[in-house]
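Let me begin by presenting the structure, written as structure tokens, before commenting on it.
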Amino acid sequence: MTGRLDAWLPVSHWSTRHDRFVAAPPATVSRAVREVRGHEMRLVRPLVAARSLPSRQLRRGAAQRAAADADTLSAMRQLGFIVLDDVPDADLVLGFAGQPWNPIVSKAVVPGLTPADYETFARPHFVKGAYALWTEPEGTGTRLITETRVYAIDEGAARRFRPYWLVIEPFSALIRRDWLAAIGRRAERAARTDGSRTT
């Protein structure tokens with residue numbers, strides 16, 4: 001189910017999807033999506049630190065370091081994402097516009113965008129990205145799914161983003177899988193706790 005993601009970024013030049021089965025009800029998993037924190041993820045801290053190294057050298061990496069210990073929405077906002085859709089117990093869609101190949105993180109994302117700004121954003125030499133997390137019931141548990149899409153505004157942006165994507169995508173995939181694993185662990189702990197309370 002990608003309806004909400006399709007509404008914000010129906011066409012993309014690059015995309016990646018990851019999923020994980022979680023032994024917990026969809027509502028419990030959806031809560032974990034929003035509550036999981038950076039310290040629960042085993043790879044996020046070093047990878048975010050590496051990405052923000054040029055910024056830290058210019059004393060601009062505080063947001064990236066703080067994001068590692070924040071909950072999902074706070075962390076993504078600190079990294080420059082905006083919330084496009086946040087349906088309780090359902091979809092979460094985040095977006096950004098920028099030039100992510102810029103080594104200075106504070107310049108890689110256009111700050112202060114609203115969802116309306118994002119929808120009409122068409123600045124030359126920039127890209128738009130969207131990141132969604134959603135759940136689907138599966139057997140006795142839940143399939144947790146994430147998809148990332150990127151759209152280049154023009155060929156100039158595509159030329160700059162293409163080599164960046166080739167380098168960053170494997171590390172981005174590790175972060176996504178790490179994030180899903182952390183969400184799954186939190187949701188399954190919560191499900192076990194809820195089950196013990198009802199027995």
Side-chain angles (χ1 to χ4, degrees), residues 1-9 12 15-52 61-96 105 115 129-150 168-199:
M1 182 179 65
T2 59
R4 292 184 179 276
L5 181 57
D6 289 341
W8 289 103
L9 199 61
S12 64
S15 66
T16 182
R17 179 186 286 213
H18 304 280
D19 65 89
R20 182 184 182 91
F21 178 79
V22 182
T28 302
V29 178
S30 292
R31 286 197 300 274
V33 165
R34 291 153 177 81
E35 294 172 357
V36 71
R37 307 183 78 84
H39 66 79
E40 298 177 60
M41 304 176 205
R42 295 165 180 165
L43 298 175
V44 165
R45 186 183 295 274
L47 289 175
V48 168
R51 174 63 180 92
S52 63
Q64 287 71 40
R65 295 192 298 276
D69 287 321
D71 62 82
T72 296
L73 289 181
S74 297
M76 296 303 277
R77 287 192 183 104
Q78 289 174 33
L79 293 172
F81 283 78
I82 58 172
V83 177
L84 300 174
D85 261 313
D86 183 11
V87 181
D89 295 337
D91 299 32
L92 175 63
V93 183
L94 303 148
F96 79 93
V105 178
Y131 173 63
L133 279 157
W134 71 94
T135 60
E136 296 178 0
E138 182 176 311
T140 58
T142 301
R143 180 63 55 179
L144 174 63
I145 305 164
T146 177
E147 184 171 343
T148 302
R149 297 180 183 177
V150 179
I168 206 70
E169 196 280 330
F171 300 100
S172 177
L174 286 174
I175 290 174
R176 300 293 184 266
R177 288 194 288 267
D178 189 31
W179 201 334
L180 295 182
I183 293 168
R185 289 192 296 270
R186 175 180 273 263
E188 289 171 352
R189 285 196 304 270
R192 287 195 297 270
T193 299
D194 292 343
S196 66
R197 288 172 179 168
T198 58
T199 57

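From a predicted model like this one, the values you see are computed outputs, not experimental measurements.
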Verify whether one side chain among R176 and T148 offers a donor that lies under 3.5 Å from an acceptor in the other. yes
If the threshold is 4.0 Å, N to carboxylate O, is there a salt bridge linking D6 and R149? yes
Decide, yes or no, whether a salt bridge links E40 with R185 under the criterion of side-chain N to carboxylate O below 4.0 Å. no
Of all heavy-atom pairs between [X] and [Y], which one has the smallest distance, and what is that distance?
X    : Y    : result
R186 : V36  : NE-CA, 3.5 Å
R34  : V87  : NH2-O, 3.1 Å
W134 : T146 : CZ3-C, 4.5 Å
L180 : R20  : O-CD, 3.6 Å
F21  : E188 : O-OE2, 4.4 Å
A187 : V22  : CB-CG1, 3.9 Å

When L92, I82, L94 are each screened for side-chain contact (heavy atoms from CB on, under 4.5 Å) with M76, the one that passes is L94
Where the side chain of E147 meets the backbone of A132, is there a donor-acceptor pair that is under 3.5 Å apart? no
Examine distances only and state if a side-chain atom of S30 and a backbone atom of P26 form a donor-acceptor pair shorter than 3.5 Å. yes
Do L84 and P115 come within less than 4.5 Å of each other through their side chains, counting heavy atoms only? yes
Close side-chain approach of D91 and D85, heavy atoms under 4.5 Å: no
Distance col, row D86:CG vs L133:CG, nearest 0.5 angstrom, shows 10.5 Å
About how many Å separate CD of E169 and CG of L174, when rounded to the nearest 0.5 Å? 9.0 Å
How are the rings of W179 and Y131 set to each other: parallel, tilted or perpendicular (split at 30° and 60°)? tilted
Evaluate V33 against L144 for side chain to side chain contact (heavy atoms under 4.5 Å, CB included), listing each step before the verdict. CA-CA 9 Å; V33 165; L144 174 63; 3.9 Å; yes
